[in-house]
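Because the structure is predicted, anything quoted here is derived from the model rather than measured.
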Amino acid sequence: MKRKEEARVLSQRQISANIFDMWIETKLAEEAKAGQFIAVYPRDRSILLPRPISVCEVADDKRSLRIVYRVNGEGTMEFSHYEPGEPIQIMGMLGNGFNLKVAKGKKVLLIGGGIGIPPLVELSRELAIISSKSLIGNDIDLTTVLGYRDSDTYLRSDLEAYSRVYVATMDGSVGAPGTVLDAIEAFDLKADMIYAVGPLSMLHNIKKLALDLDIPAYVSLEEHMACGVGACLGCVVRTKEPNAHTHVNNARICLEGPVFEVREVEI
Ligand SMILES: Cc1cc2nc3c(=O)[nH]c(=O)nc-3n(C[C@H](O)[C@H](O)[C@H](O)COP(=O)(O)OP(=O)(O)OC[C@H]3O[C@@H](n4cnc5c(N)ncnc54)[C@H](O)[C@@H]3O)c2cc1C
Ligand code: FES
């Protein structure tokens, strides 16, 4: 059940040039899962819409959740000034999240580009839990590929706790020079399935890769949103099949997504 809540900032630190890492004490953490997001309401009333931010991590005791976000404009700039103990207005849990069942027994490639990297932390954590609890034959073989602009490789060590991590940088300073696709080729990485979060251009190329290799790929579309709850149609993506209720070839990213199997959507 999604609901609005006045939660509390537990901690906040800057982890990179303009990237912030915030833990929030909230009851919503009890139901949060990888690939879902919260909407954060700016206090500044001139900013009307809440800002969607993905769950980066859920605490083991399920009493708090972590978000990692880049300061982009006025909303995220305001959040970056919040201090521990201050209230924060949020709504959640939003979105469908990743389907984890399909990963059982598979060689899984997690791919994150830029500010698409944060949700991979909770995804890795949940996959590691499933894998450790699994019966023989259900283990998940996890590899992660991260794409950055330069040597500022935020969250890399968080992800190294769960899997082998390969890096690509656009300036060639760390790992393979170029994009995540260049790293997959350079390190000859193999997979039975893919989970990916990042810019649309990256997801477009991942769709081509998944079709070429004939493997499933689940992508999270972190594109622009308005209401965040399915009411305004401000976030639609064209789909292969018509929607069962509306009979049009559209899905709302905030409600039916943000995670889709790449073959379902036109990207
Ligand atoms: C499902 C979902 C999950 C997201 N998760 C995260 C996350 O974990 N961490 C994070 O840093 N960001 C995430 N985003 C993006 C985040 O919502 C935007 O950066 C934020 O809303 C910008 O608000 P703002 O007021 O700071 O900037 P605004 O003033 O609203 O915009 C500043 C600039 O950023 C551009 N912009 C706004 N939204 C987006 C977007 N979604 N993608 C690309 N450019 C955008 C605007 O066009 C404008 O040029 C997510 C978005 C979605 C839809
Ligand atoms: S943002 Fe309004 S319907 Fe998705």
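- When all heavy atoms of G178 and A168 are compared, the pair lying nearest together is O-CB, 3.5 Å.
- Inter-residue side-chain proximity for M91 and L28 is flagged as unmet; no heavy-atom pair is nearer than 4.5 Å.
- Residue pairs meeting the side-chain hydrogen bond (donor to acceptor under 3.5 Å, both in side chains) criterion with at least one partner in residues 174-203, sequence neighbours excluded, are T179-D182, D188-K190.
- The stretch residues 91-102 participates, sequence neighbours left out, in no side-chain hydrogen bond (donor to acceptor under 3.5 Å, both in side chains) pair at all.
- Although no hydrogens or angles enter the test, the distance criterion places a donor-acceptor pair under 3.5 Å between the side chain of K106 and the main chain of V102.
- The cluster map of Ile, Leu, Val, Met, Phe, Trp and Tyr, joined by side-chain heavy atoms under 4.5 Å apart, puts L233 and M225 in different clusters.
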side-chain contact (heavy atoms from CB on, under 4.5 Å) evaluation trace for V259 with V219: CA-CA 5 Å; V259 181; V219 296; over 6 Å; no
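- Contact between P42 and G75 at its shortest, heavy atoms only, is CG-CA, 4.3 Å.
- Listed by chain and number, the residues in a salt bridge (Lys or Arg N to Asp or Glu O under 4.0 Å) with E264 amount to none (sequence neighbours excluded).
- Residues that satisfy the side chain to side chain contact (heavy atoms under 4.5 Å, CB included) test with V237, not counting sequence neighbours, are L221, A251, I253, F260, V265, I267.
- Distance CG/D171 to OG/S151: 6.5 Å, rounded to 0.5 Å.
- Residues V68 and I15 meet the side-chain proximity criterion, which asks for heavy atoms closer than 4.5 Å.
- When atom types are taken as modelled, the side chain of Y69 and the backbone of S80 share a donor-acceptor pair closer than 3.5 angstrom.
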V55/F37 under side-chain contact (heavy atoms from CB on, under 4.5 Å): CA gap, chis, key distance, verdict: CA-CA 5 Å; V55 171; F37 61 98; 5.8 Å; no
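- Distance check: M202 CE to L181 CG gives 8.0 Å after rounding to the nearest 0.5 Å.
- Of all the heavy atoms in Y162 and A128, the pair that sits closest is CD2-CB, 3.8 Å.
- Within the 3.5 Å criterion, the main-chain N or O of Y148 finds no donor-acceptor partner in the side chain of T169.
- A176 is linked by a side chain to side chain contact (heavy atoms under 4.5 Å, CB included) to A183, A186, F187, counting only residues two or more places apart in sequence or in another chain.
- Under a hydrophobic-cluster definition in which Ile, Leu, Val, Met, Phe, Trp and Tyr are linked whenever side-chain heavy atoms come within less than 4.5 Å, directly or via other members, M193 and V145 are assigned to different clusters.
- Under the 4.5 Å side-chain heavy-atom criterion for ILVMFWY residues, no single connected hydrophobic cluster contains both L200 and M170.
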Worked check of side-chain contact (heavy atoms from CB on, under 4.5 Å) between I67 and I38: CA-CA 9 Å; I67 57 172; I38 57 170; 4.0 Å; yes
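- When the shell of 6.0 Å around CZ of R149 is examined, it contains 12 or fewer heavy atoms from other residues, nucleotides or ligands.
- Checked by atom type and distance alone, the side chain of N18 never pairs as donor or acceptor with a backbone atom of R70 at under 3.5 Å.
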V40 vs F79, side-chain contact (heavy atoms from CB on, under 4.5 Å): CA-CA, chis, key distance, verdict: CA-CA 9 Å; V40 185; F79 308 150; 3.4 Å; yes
Working for side-chain hydrogen bond (donor to acceptor under 3.5 Å, both in side chains), residues D152 and S16: CA-CA 7 Å; D152 187 0; S16 164; 2.4 Å; yes
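- Taking OH of Y82 as the reference point, atom CD of Q12 lies at 9.5 Å (rounded to 0.5 Å).
- Distance CG/L65 to SG/C56: 10.0 Å, rounded to 0.5 Å.
- Apart from W23 itself, the hydrophobic cluster it occupies contains L10, where clustering links Ile, Leu, Val, Met, Phe, Trp and Tyr at side-chain heavy-atom distances under 4.5 Å.
- With rounding to the nearest 0.5 angstrom, the CD1 atom of I130 is 6.0 Å from the NZ atom of K104.
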Using distance only, find each side-chain donor-acceptor pair of residues 107-122 under 3.5 Å and give its atom names and separation, not counting sequence neighbours.
residue	atom	partner	partner atom	Å
K107	NZ	D141	OD2	3.4
E122	OE1	V58	N	2.9
E122	OE1	R125	NE	2.9
E122	OE2	R125	NH2	3.3

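- Applying the side-chain hydrogen bond (donor to acceptor under 3.5 Å, both in side chains) test to pairs two or more places apart or on separate chains, those with a residue in residues 210-224 are S54-E222.
- Hydrophobic clustering places L123 together with V167 (ILVMFWY residues linked when any side-chain heavy atoms are closer than 4.5 Å, directly or through intermediates).
- Evaluation of the side chain to side chain contact (heavy atoms under 4.5 Å, CB included) rule for E160 yields R156, S157, V165 as partners, not counting sequence neighbours.
- Y154 is not connected to V180 by any chain of hydrophobic side-chain contacts under 4.5 Å among Ile, Leu, Val, Met, Phe, Trp and Tyr, and they are in different clusters.
- L146 pairs with exactly one of V174, L159, L155 by the side-chain contact (heavy atoms from CB on, under 4.5 Å) rule, that one being L159.
- Other residues, nucleotides and ligands contribute at most 12 non-hydrogen atoms within 6.0 Å of the NZ atom of K27.
- Applying the salt bridge (charged side-chain N to carboxylate O under 4.0 Å, His left out) rule to pairs touching residues 1-21 yields R3-E31, R8-E25, R13-D21, D21-R66, sequence neighbours excluded.
- For the atom pair CG of N250 and CD of E256, the computed distance is 9.5 Å after rounding to the nearest 0.5 Å.
- Formation of a donor-acceptor pair under 3.5 Å by the S131 side chain with backbone atoms of L127 is not found in this model.
- For the 3.5 Å distance criterion, the side chains of T143 and S163 fail to qualify, holding no donor opposite an acceptor.
- Applying the salt bridge (Lys or Arg N to Asp or Glu O under 4.0 Å) test to E74 and every residue at least two apart in sequence or in another chain returns nothing.
- The side-chain hydrogen bond (donor to acceptor under 3.5 Å, both in side chains) pairs that include a residue from residues 34-45 are R43-E86, D44-S46, where partners are two or more places apart or lie in different chains.
- Remark: the backbone N or O of G230 is paired with a side-chain donor or acceptor of R252 at under 3.5 angstrom.
- In this structure, N249 contributes its side chain and T239 its backbone to a donor-acceptor pair below 3.5 Å.
- One N or O on the side chain of E126 and one on the backbone of A34 form a donor-acceptor pair closer than 3.5 Å.
- Pairing each heavy atom of A217 with each of A210, the nearest pair is CB-CB, 3.7 Å.
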